[in-house]
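Read the structure below first, then the notes.
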Amino acid sequence: LGYRGVVPAPTCTDGVQNGAEDGLDCGATACGVLCAAPVLPLRVTSTAILKAGAWYDVLVHLENPNPLYGASRVEYTLTVTDSTGAVVATRPGSTYVNPAQPRYLLFPITGATTVPTKAEFRMNASTVQWSALTVDAKGDIQFGVRREVLTPASVSIHFEAATLNQSRFSFDTVDITVLLYDARGTVVGANATTQRTLVSGEERAFTMDWPFAVPGAMRVQTMVTTNVFANDNFIRDYGSPGSFEGF
């Protein structure tokens, strides 16, 4: 007795990766269509609890490894506990993360009755809203930082600088995060602020103060970012928000 099965030839519409396909029904050789790059998950690179005078700050560092995809909305919950495991503070919220850019989130923890020793930052992966970036963010959206002056003192720290919107777009809100480092490169302090209505080509000064001692602070890093996925963040020349059609 003999048996011969008939196997259909691979196609680019059968919902299966087969033949010479590089992925599911895609591949330049097999289907004439390049496979889309997989979207990699956001990573929590670090969480740090910083002494901030009588209180504390929690600094969370998010990293997005995707060069073309960003998260227009990320829902999270920050839980801070003490050495016994008791909850000191809980901070639910949402944020954005641009493609291939780090994102620092700063959470002031005030009124704590015990010393926080652990911070856990959890993202709800199922609710992350991914969006594709269809323009070169490095070429079209850039910010510069000029005239940085850090003035440390025994009981306080003063910092001043200026942001420069090197983009061809004007923005309703620009986020600024400043990190203080000691001689070993460890973050010992942080601060954050926002600038409103930063137009294309504009340079604008800002100041930050730590009204308490930050031991070891000797170097500063300034990061400027903006939400490239919020249409109402892009301002037309005549002053009203408008849709950014490149995204």
Side-chain angles (χ1 to χ4, degrees), residues 45 50 57 59-72 74 95-108 131-153 156-182 185 187-211 214 217-247:
T45 302
L50 308 172
D57 288 332
L59 181 69
V60 178
H61 179 199
L62 296 180
E63 192 173 83
N64 180 11
N66 301 287
L68 297 178
Y69 295 94
S72 57
V74 180
T95 189
Y96 66 90
V97 182
N98 290 333
Q101 288 185 356
R103 183 83 168 101
Y104 285 89
L105 302 176
L106 186 63
F107 301 90
S131 298
L133 184 64
T134 58
V135 298
D136 181 5
K138 293 183 179 179
D140 288 331
I141 301 176
Q142 286 189 345
F143 298 98
V145 181
R146 297 183 173 183
R147 299 192 302 278
E148 294 179 290
V149 178
L150 179 66
T151 308
S156 65
I157 288 184
H158 177 77
F159 175 68
E160 58 186 55
T163 55
L164 173 63
N165 183 2
Q166 298 170 312
S167 312
R168 58 187 177 91
F169 306 103
S170 299
F171 300 103
D172 181 63
T173 302
V174 172
D175 299 310
I176 303 171
T177 304
V178 174
L179 306 182
L180 300 176
Y181 293 86
D182 63 12
V187 177
V188 293
N191 213 329
T193 188
T194 60
Q195 289 182 331
R196 302 301 302 268
T197 317
L198 191 66
V199 302
S200 176
E202 180 182 4
E203 180 177 304
R204 186 184 301 174
F206 69 92
T207 62
M208 287 186 178
D209 288 284
W210 288 258
V214 183
M218 60 176 300
R219 183 172 64 85
V220 66
Q221 180 184 10
T222 305
M223 287 153 293
V224 185
T225 186
T226 192
N227 189 347
V228 300
F229 296 110
N231 284 334
D232 58 359
N233 191 33
F234 292 83
I235 303 175
R236 291 197 179 100
D237 291 340
Y238 51 83
S240 63
S243 175
F244 179 41
E245 297 177 354
F247 292 89

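Count residues from 1 along the sequence.
In this structure, the side chain of Arg204 does not engage the main chain of Asn165 through any donor-acceptor pair within 3.5 Å. Checked by atom type and distance alone, the side chain of Asn233 never pairs as donor or acceptor with a backbone atom of Phe171 at under 3.5 Å. Listed for the Asn64 side chain is a donor-acceptor partner under 3.5 Å among the backbone atoms of Tyr69. One N or O on the side chain of Thr226 and one on the backbone of Thr173 form a donor-acceptor pair closer than 3.5 Å. At least one donor-acceptor pair under 3.5 Å links the side chain of Arg103 to the backbone N or O of Tyr96. Ser200 contributes a side-chain N or O that, together with a main-chain N or O of Ser167, makes up a donor-acceptor pair within less than 3.5 Å.
Using a 30° and 60° split on the angle between ring planes, His61 and Tyr104 fall in the parallel class, below 30°.
At least one side-chain heavy atom of Val228 sits under 4.5 Å from a side-chain heavy atom of Ile141. In this structure the side chain of Val174 reaches within 4.5 angstrom of the side chain of Val224, judged on heavy atoms.
Smallest separation of non-hydrogen atoms from Pro67 and Pro99: O-CB, 3.5 Å. Of all the heavy atoms in Leu59 and Ala190, the pair that sits closest is CD1-CB, 4.3 Å. In terms of heavy atoms, Val188 sits closest to Tyr181 at CG2-C, 4.1 Å. Nearest heavy atoms, Ser72 versus Ser131: OG-OG, 3.5 Å. Annotation for Ala153 and Ile157: closest pair N-CG1, 4.4 Å, computed over non-hydrogen atoms.
Atom CE of Met218 and atom CG of Leu180 lie 12.0 Å apart (nearest 0.5 Å). To the nearest 0.5 Å, atoms CG (Asp175) and OG1 (Thr193) are separated by 9.0 Å. Of the inter-residue distances, the one linking Leu179 atom CG with Met223 atom CE reads 3.5 Å to the nearest 0.5 angstrom. In this structure, CG in Leu164 is found 8.0 Å from CG in Leu198, a value given to the nearest 0.5 Å. Summarising the geometry, atom CZ belonging to Phe234 is positioned 8.0 Å from atom CG belonging to Asn227; distances are rounded to the nearest 0.5 Å. Residue Phe206 holds its CZ atom at 9.5 Å from CG of Asn191, rounded to the nearest 0.5 Å.
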Donor-acceptor pairs under 3.5 angstrom involving side-chain atoms of residues 145-152: please list them, not counting sequence neighbours.
from	atom 1	to	atom 2	distance (Å)
Arg146	NH1	Glu203	OE1	3.2
Arg147	NH1	Glu203	OE2	2.5
Arg147	NH2	Glu203	OE2	2.6
Glu148	OE2	Thr222	OG1	2.7

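Here Asp57 pairs with nothing under the side chain to side chain donor-acceptor pair (under 3.5 Å) rule; sequence neighbours left out.
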| query | When you look at Val178 and Ile176, which way does the side-chain contact (heavy atoms from CB on, under 4.5 Å) test go after all the steps? | reply | CA-CA 7 Å; Val178 174; Ile176 303 171; 4.3 Å; yes
